[in-house]
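Heads up, the thing below is written out as structure tokens.
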There are 2 protein chains.
Amino acid sequence: MMLDAGMESAIDAGAAIAPHDAVPSATGAATLHGTLLAQLRDYVVEGNLAPGARVPERLLCERFGISRTPLREALKVLASEGLIDLLPNRGARVRQLGHDEMVALFDVMGGLEALAGRLACEKITEEAYAEIERLHHAMYASYLRRDLHGYFAANQGIHDRIVAAADNAPLAATYANFAGRLRRVRYAANLDKDRDRWGEAMREHEEILDALRRRAGPELSDILFRHLRNKRRAAATQESAAAGA
Amino acid sequence: MMLDAGMESAIDAGAAIAPHDAVPSATGAATLHGTLLAQLRDYVVEGNLAPGARVPERLLCERFGISRTPLREALKVLASEGLIDLLPNRGARVRQLGHDEMVALFDVMGGLEALAGRLACEKITEEAYAEIERLHHAMYASYLRRDLHGYFAANQGIHDRIVAAADNAPLAATYANFAGRLRRVRYAANLDKDRDRWGEAMREHEEILDALRRRAGPELSDILFRHLRNKRRAAATQESAAAGA
DNA sequence: GACCAAAAATTTGCATTCATTTTTGGATGA
DNA sequence: TCATCCAAAAATGAATGCAAATTTTTGGTC
């Protein structure tokens with residue numbers, strides 16, 4: 001069900017907590033539960049706990065200075081977001097991404113980006129497009145400089161802005177959820193070791209920008225899905241390389 | 001401090017509870033929390049509480065025979081799923097779908113079905129395809145008979161099987177979540193009052209089956225998105241008609 | 001030294017309790 | 001009649017308590 005994780009209700013209802021749909025770090029938190037949820041989510045997403053590691057209630061209560069009740073509520077929500085697993089009578093564990101699940105998550109990301117691209121073509125303003133174009137050129141400059149950090153920042157900025165341009169709160173929330181789940185893997189997708197992929201990604205981004213400029217929704221949708229598929233392939237390759245090393 | 005994960009062997013991943021990825025009604029519930037969550041979700045989705053109505057903790061505790069602690073945990077999760085809103089110090093309310101949000105949710109459904117169709121073309125077995133074909137013909141028979149109930153059942157069966165054929169747990173979970181949020185609206189989309197839409201939908205399903213038979217992923221993806229767009233339009237039309245009535 | 005069973009200690013799940021906030025009801029006054 | 005204000009009642013948010021389950025430690029045996 002998912003089941004997915006949230007911010008749109010927080011936006012719609014003002015103060016409502018909707019972790020599933022809310023962009024994690026953007027969740028306004030007037031309540032302890034809301035604050036704690038955001039903190040704990042960041043704590044997990046940032047990788048402070050090793051994958052598969054037990055999530056000890058007691059320690060986290062001390063760390064955040066709260067009692068077990070709100071913590072346990074937050075853990076239930078994080079489980080519904082897919083960040084942790086709850087084992088009956090055996091506590092919570094940081095979810096560990098196996099190969100199959102990683103592949104599945106990348107495909108959903110691809111579907112969400114494809115959707116975002118299509119919607120963005122319908123709704124994007126000229127200003128928002130110009131900003132994406134600017135980021136694209138900045139990204140290209142970083143690519144030429146082999147500036148991985150700058151490249152990543154611009155790259156993520158582009159994808160985020162496409163999602164934002166789609167102007168669809170539930171989509172943005174779901175996207176944020178999946179991005180959080182894949183965050184660790186995505187950072188691991190180190191282009192530095194795969195120059196071919198880097199060039200390929202850059203060419204794909206040329207196509208993305210072109211389709212977006214023409215407001216070619218279905219076309220952009222398809223390009224974005226294939227773009228994510230290739231990103232998935234690169235990540236999987238890296239994964240197996242890491243396993244072999 | 002970094003918590004170590006490597007001390008003991010990995011817990012059997014098969015036994016892990018992953019509410020987010022599990023289809024709501026299929027969530028195995030060995031725990032009270034799990035059981036209650038599924039029950040409460042059904043209770044809300046089934047429409048036992050009026051949209052916008054307060055969700056009284058006390059009454060629900062009595063109804064389910066539990067204390068407030070597990071109930072409140074479940075409410076937090078339902079909020080993260082977008083089914084209810086939590087207003088700080090003012091309790092939970094059944095989320096009310098405004099027009100804009102309904103439109104947004106339909107678009108996400110379209111994107112998810114588009115993704116499911118594309119993946120299904122890659123993975124579907126001949127048996128699963130044959131079953132969808134069978135359902136398609138049953139749906140057509142219902143259409144000719146003007147059997148709305150049978151038509152809906154077959155229709156939903158087809159869409160569900162396409163999602164299942166995609167063989168992607170996070171996708172299935174997310175799809176189930178959005179379907180739950182839109183459930184009330186979807187039932188409201190009464191084709192009986194809109195014969196033109198009914199015929200149009202039937203023709204679209206012919207295209208869907210054809211693309212699936214040819215395993216034409218990108219094409220099926222596009223058809224499914226447009227199919228949902230038309231369904232969205234029909235629902236919106238009905239909505240405004242109901243408002244005017 | 002490895003292996004296994006039993007007891008201690010920790011941890012989890014849920015109920016209960018307490019402090020705050022909100023809501024309700026009515027009295028007061030214009 | 002209506003609006004405003006205030007106190008009582010109810011509801012919410014969080015902490016604490018307790019029984020059951022699990023994990024760890026201990027002690028003994030082979």
Side-chain angles (χ1 to χ4, degrees), chain A residues 9-10 13-19 27-40 49-50 52-80 84-95, chain B residues 1 3-13 15-19 27-40 44 49 52-80 84-95:
Chain A
S9 57
I17 294 175
T27 303
T31 66
L32 176 57
H33 168 76
T35 315
L36 175 66
L37 179 59
Q39 285 184 320
L40 192 56
L49 274 54
R54 204 177 168 134
V55 181
E57 293 184 4
R58 175 76 45 192
L59 288 180
L60 290 176
C61 285
E62 293 173 7
R63 167 172 281 274
F64 293 107
I66 49 152
S67 76
R68 286 177 54 218
T69 304
L71 179 80
R72 287 172 55 79
E73 290 173 351
L75 289 177
K76 298 285 192 291
V77 174
L78 293 186
S80 93
I84 63 175
D85 290 324
L86 293 179
L87 297 93
N89 293 314
R90 300 179 61 190
R93 281 171 189 271
V94 178
R95 173 168 287 196
Chain B
M1 72 157 46
L3 301 161
D4 63 275
M7 293 317 284
E8 64 252 299
S9 65
I11 298 301
D12 178 11
I17 292 177
T27 301
T31 66
L32 176 55
H33 169 77
T35 316
L36 176 66
L37 179 58
Q39 284 184 320
L40 193 56
V44 172
L49 275 52
R54 228 183 144 115
V55 181
E57 292 184 5
R58 171 105 8 221
L59 289 180
L60 290 175
C61 286
E62 294 174 6
R63 167 172 282 276
F64 293 106
I66 50 152
S67 78
R68 286 176 57 217
T69 305
L71 179 79
R72 288 171 55 78
E73 290 173 352
L75 289 178
K76 298 285 192 291
V77 174
L78 293 186
S80 92
I84 64 176
D85 290 322
L86 292 180
L87 297 88
N89 293 315
R90 301 183 63 192
R93 284 173 189 274
V94 178
R95 171 169 285 195

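Order of the sequence lines sets the chain letters (A, B, ...), proteins ahead of strands, with each chain counted from 1.
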Checklist entry - Whole-Å distance between D/dG13 C1' and A/Leu37 CG? => result 15 Å
Item to check | Side chains of B/Lys76 and A/Lys76 in contact at under 4.5 Å (non-hydrogen atoms) | outcome: no
Between the protein and nucleotides 16-19 of chain D, which nitrogen or oxygen pairs are less than 3.5 angstrom apart?
{"residue": "D/dT16", "atom": "O4", "partner": "A/Thr69", "partner atom": "OG1", "Å": "3.3"}

Checklist outcome for this item: B/Arg58 meets the side chain to side chain donor-acceptor pair (under 3.5 Å) criterion, sequence neighbours left out, with none
Checklist outcome for this item: Between CD of A/Glu73 and P of D/dA15 the distance, given in whole Å, is 10 Å
Checklist entry - CG of A/Leu36 versus P of D/dG13: gap in Å, rounded? => result 14 Å
Next on the checklist: For B/Leu49, give me all partners under side-chain contact (heavy atoms from CB on, under 4.5 Å), at least two apart in sequence or on another chain.
Outcome noted: B/Tyr43, B/Val55, B/Val94
Next on the checklist: Once rounded to the nearest 0.5 Å, what's the spacing between atom CG of A/Leu86 and atom CZ of A/Arg72?
Outcome noted: 8.5 Å
Checklist entry - Excluding sequence neighbours, so at least two apart, what forms side chain to side chain donor-acceptor pair (under 3.5 Å) with B/Glu73? => result none
Next on the checklist: Do B/Glu57 and B/Leu75 have side chains that approach each other closer than 4.5 Å (heavy atoms only, starting at C-beta)?
Outcome noted: yes
Set out, line by line, the N/O atom pairs under 3.5 Å between protein and nucleotides 22-25 of chain C.
{"residue": "C/dT23", "atom": "OP1", "partner": "B/Arg90", "partner atom": "NE", "Å": "2.9"}
{"residue": "C/dT23", "atom": "OP1", "partner": "B/Arg90", "partner atom": "NH2", "Å": "3.3"}

Next on the checklist: Just the rounded figure in Å: distance from P of C/dC14 to CG of A/Leu71.
Outcome noted: 15 Å
Item to check | Heavy-atom check, side chain of A/Ile66 versus side chain of A/Leu60, under 4.5 Å | outcome: no
Checklist entry - How long is the gap from CG on A/Leu59 to CZ on A/Arg54, to the nearest 0.5 Å? => result 10.5 Å
Item to check | Nearest-nucleotide 5' precedence on DNA chain D, B/Glu57 against A/Gly65 | outcome: B/Glu57
Next on the checklist: Ignoring hydrogens, what is the shortest heavy-atom contact between A/Ala92 and A/Ile84? Give both atom names and the distance.
Outcome noted: CB-CD1, 3.9 Å
Item to check | Distance in angstrom units between A/Leu87 CG and D/dT23 C1', rounded | outcome: 14 Å
Checklist entry - Can you tell me how far C1' of D/dA14 sits from NE2 of A/His33, to the nearest Å? => result 12 Å
Item to check | Closest non-hydrogen atom pair between A/Leu37 and A/Ala74, with its separation | outcome: CD1-O, 3.8 Å
Checklist entry - To the nearest 0.5 Å, how far apart are CG in A/Leu40 and NE2 in A/His33? => result 10.5 Å
Checklist entry - Counting any heavy atom closer than 4.0 Å, what does B/Arg72 reach on the DNA or RNA strands: base, sugar-phosphate only, or nothing? => result base
N/O contacts under 3.5 Å, protein versus nucleotides 6-8 of chain C?
none

Checklist entry - What integer distance in Å separates A/Glu62:CD from C/dT10:C1'? => result 13 Å
Checklist entry - Atom CG of B/Leu86 and atom C1' of D/dA14: how far apart are they, to the nearest Å? => result 15 Å
